[in-house]
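Structure record follows, encoded as structure tokens.
The basis for the numbers below is simple: all heavy atoms, side chains too, and nothing from hydrogens, waters or symmetry mates. If you read the sequence from its start, that first residue is 1, and numbering goes on from there.
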Amino acid sequence: MTNPVLYEVAAGVATLTLNRPERLNAMTPELMGGITAAFDRVRADESVRAVVLTGAGRGFCAGADLTAVAEGSGTERANDAAASSAQGDQTMDVYNNALRAIHDAPVPTIARINGAAAGGGLGLALACDITIAARSAFFVATFGPRLGIVPDMGATWSVPRLVGRARALGMELLGERIDATRAEQWGLIWRTVDDERLDTEVDAIAAQLARMSPAAALRIRRTADAALNNSFSDQLDLEMVHQGVLIPRNMREGALAFTEKREPAFDGRRDDPSEISD
């Protein structure tokens, strides 16, 4: 059986490749479980300083495998999701566990969007910290117009935060394709590049993240998320909590590197995400 998620590490960067190109990397329980397993490997390997998530072939991820759903083999996931939503408990859902693994990763994550990011693939792309798309790529929320369901895979959380309510509802109610250029203009993603430059851009950003202090990168991600709910005063206090850890650990090396006109060489020690204040 072909591995649904390929895993490779080079120069401190783990690349996770969704590996169902014949189905545009449509999601199955096996593929989503493979994502969770890959992030387990990332957590266990402290040499990994950044993660790239991408898709094999000509697409990133086409969302749920609708062929399996139409044949009945995918209905279990739909029923489980509905039950979990009603009960407010999705901790055992294999799809959501994969999203949580990405969001809670101990190192920064990059989504390399090489084609369609549709349906659940949209949520998968936006779960990463930085999303970079080829100019030919596009994003589409197919859930409501095509399937008669609520957007999932974290899309209802990420899309309004990134583009605002009006654009989020336009995307989710109308299901229009948002091309990569417009996605960048809206702030849905970080950057759009010409197709032939996608690998160069992703490699450069991954290398930059791999040089960072993992502890600083994790705490930056956490403070950004917390800012959406904190008061200004609470956010000032949270910043000081993180500075109390990072200044003794990193700032002298950063200052020395600045005065010596070189790149800082931060140590690779990680912090435990579960122990960091929000």
Side-chain angles (χ1 to χ4, degrees), residues 13 15-21 23-27 35 50-64 66 99 102-103 108-147 150-209 217 220-221 224-225 227-228:
V13 178
T15 300
L16 281 54
T17 304
L18 309 182
N19 190 34
R20 301 187 71 223
R23 300 291 302 155
L24 287 177
N25 304 309
M27 297 180 299
I35 292 174
V51 173
V52 174
L53 179 66
T54 191
R58 59 189 180 89
F60 175 72
C61 178
L66 296 182
L99 271 291
I102 297 170
H103 187 266
T109 55
I110 302 169
R112 174 190 176 274
I113 310 301
N114 52 314
L122 170 67
L124 199 59
L126 301 183
C128 294
D129 299 312
I130 295 177
T131 303
I132 304 170
R135 203 165 301 281
S136 63
F138 64 89
F139 304 83
V140 57
T142 55
F143 307 90
R146 298 291 184 182
L147 300 176
V150 170
D152 58 12
M153 301 294 290
T156 59
W157 187 90
S158 57
V159 176
R161 283 169 166 77
L162 292 168
V163 301
R165 184 177 187 273
R167 286 172 171 164
L169 287 179
M171 287 182 65
E172 294 171 358
L173 291 174
L174 302 177
E176 293 182 1
R177 288 189 179 191
I178 307 299
D179 64 47
T181 299
R182 181 158 50 146
E184 180 185 356
Q185 292 170 347
W186 281 8
L188 187 70
I189 65 173
W190 169 244
R191 186 167 294 165
T192 297
V193 298
D194 293 336
D195 288 31
E196 62 272 17
R197 290 189 54 241
L198 181 61
D199 284 336
T200 300
E201 188 72 16
V202 170
D203 289 348
I205 289 179
Q208 181 177 348
L209 292 175
I220 289 169
R221 293 158 58 211
D225 287 341
L228 297 172

Which pair of heavy atoms, one from A206 and one from V52, lies closest together, and at what distance? CB-CG2, 4.1 Å
side-chain contact (heavy atoms from CB on, under 4.5 Å) assessment of L16 paired with V51: CA-CA 7 Å; L16 281 54; V51 173; 3.8 Å; yes
Nearest heavy-atom contact between A125 and F139 is CB-CE2, 4.4 Å
Can you measure from OG1 (T142) to CD (E176) and round to the nearest 0.5 angstrom? 13.5 Å
Quick check: do L209 and I130 have side-chain heavy atoms less than 4.5 Å from each other? yes
Between G121 and F60, which heavy-atom pair has the shortest distance, and what is it? O-CE2, 3.6 Å
Just how far is it from atom CG of D179 to atom CD of E184, taken to the nearest 0.5 Å? 10.5 Å
Which residues share a side-chain contact (heavy atoms from CB on, under 4.5 Å) with T17, sequence neighbours left out: L6, T15, T54, A56
Pairs of donor and acceptor atoms involving the side chains of residues 187-198, under 3.5 Å and at least two apart or interchain, shall be tabulated with distances.
from: R191; atom 1: NH1; to: E201; atom 2: OE2; distance (Å): 2.3
from: T192; atom 1: OG1; to: A180; atom 2: O; distance (Å): 2.7
from: D194; atom 1: OD1; to: R135; atom 2: NE; distance (Å): 2.7
from: D194; atom 1: OD1; to: R135; atom 2: NH2; distance (Å): 3.4
from: D195; atom 1: OD1; to: R135; atom 2: N; distance (Å): 3.1
from: D195; atom 1: OD1; to: S136; atom 2: N; distance (Å): 3.1
from: D195; atom 1: OD1; to: S136; atom 2: OG; distance (Å): 3.4
from: D195; atom 1: OD2; to: S136; atom 2: OG; distance (Å): 2.5
from: R197; atom 1: NH2; to: E201; atom 2: OE1; distance (Å): 3.1

Working to the nearest 0.5 angstrom, can you tell me the gap between I132 CD1 and N114 CG? 12.5 Å
One should read off an interatomic distance between C128 SG and L53 CG, to the nearest 0.5 angstrom, of 5.0 Å
Between the side chain of R182 and the main-chain N/O of F138, is any donor-acceptor distance below 3.5 Å? no
Give every donor-acceptor pair under 3.5 Å between a side-chain atom in residues 153-166 and any protein atom, sequence neighbours left out.
from: S158; atom 1: OG; to: G154; atom 2: O; distance (Å): 3.2
from: R161; atom 1: NH1; to: W157; atom 2: O; distance (Å): 3.1

Partners meeting side-chain contact (heavy atoms from CB on, under 4.5 Å) with Q208 (sequence neighbours left out): R211
Audit row: L24, R58, side-chain contact (heavy atoms from CB on, under 4.5 Å) steps and yes/no: CA-CA 7 Å; L24 287 177; R58 59 189 180 89; 3.8 Å; yes
Would you mind reporting whether R146 and L66 have side-chain heavy atoms less than 4.5 Å apart? no
4.5 Å side-chain heavy-atom contact, D225 and H103: yes
Do you know the tightest heavy-atom contact between A137 and G115? CB-O, 3.3 Å
In this structure, CD1 of I113 is separated from CG of L126 (nearest 0.5 Å) by 8.0 Å
Contacts of A127 meeting side-chain contact (heavy atoms from CB on, under 4.5 Å) (sequence neighbours excluded), chain-then-number -> L99, I102
Once side-chain contact (heavy atoms from CB on, under 4.5 Å) is applied, do any residues pair with A26, and if so which ones, sequence neighbours excluded? R20, R23, D65
Residue pair G120 / M27: nearest heavy atoms and the distance that separates them: CA-CE, 3.5 Å
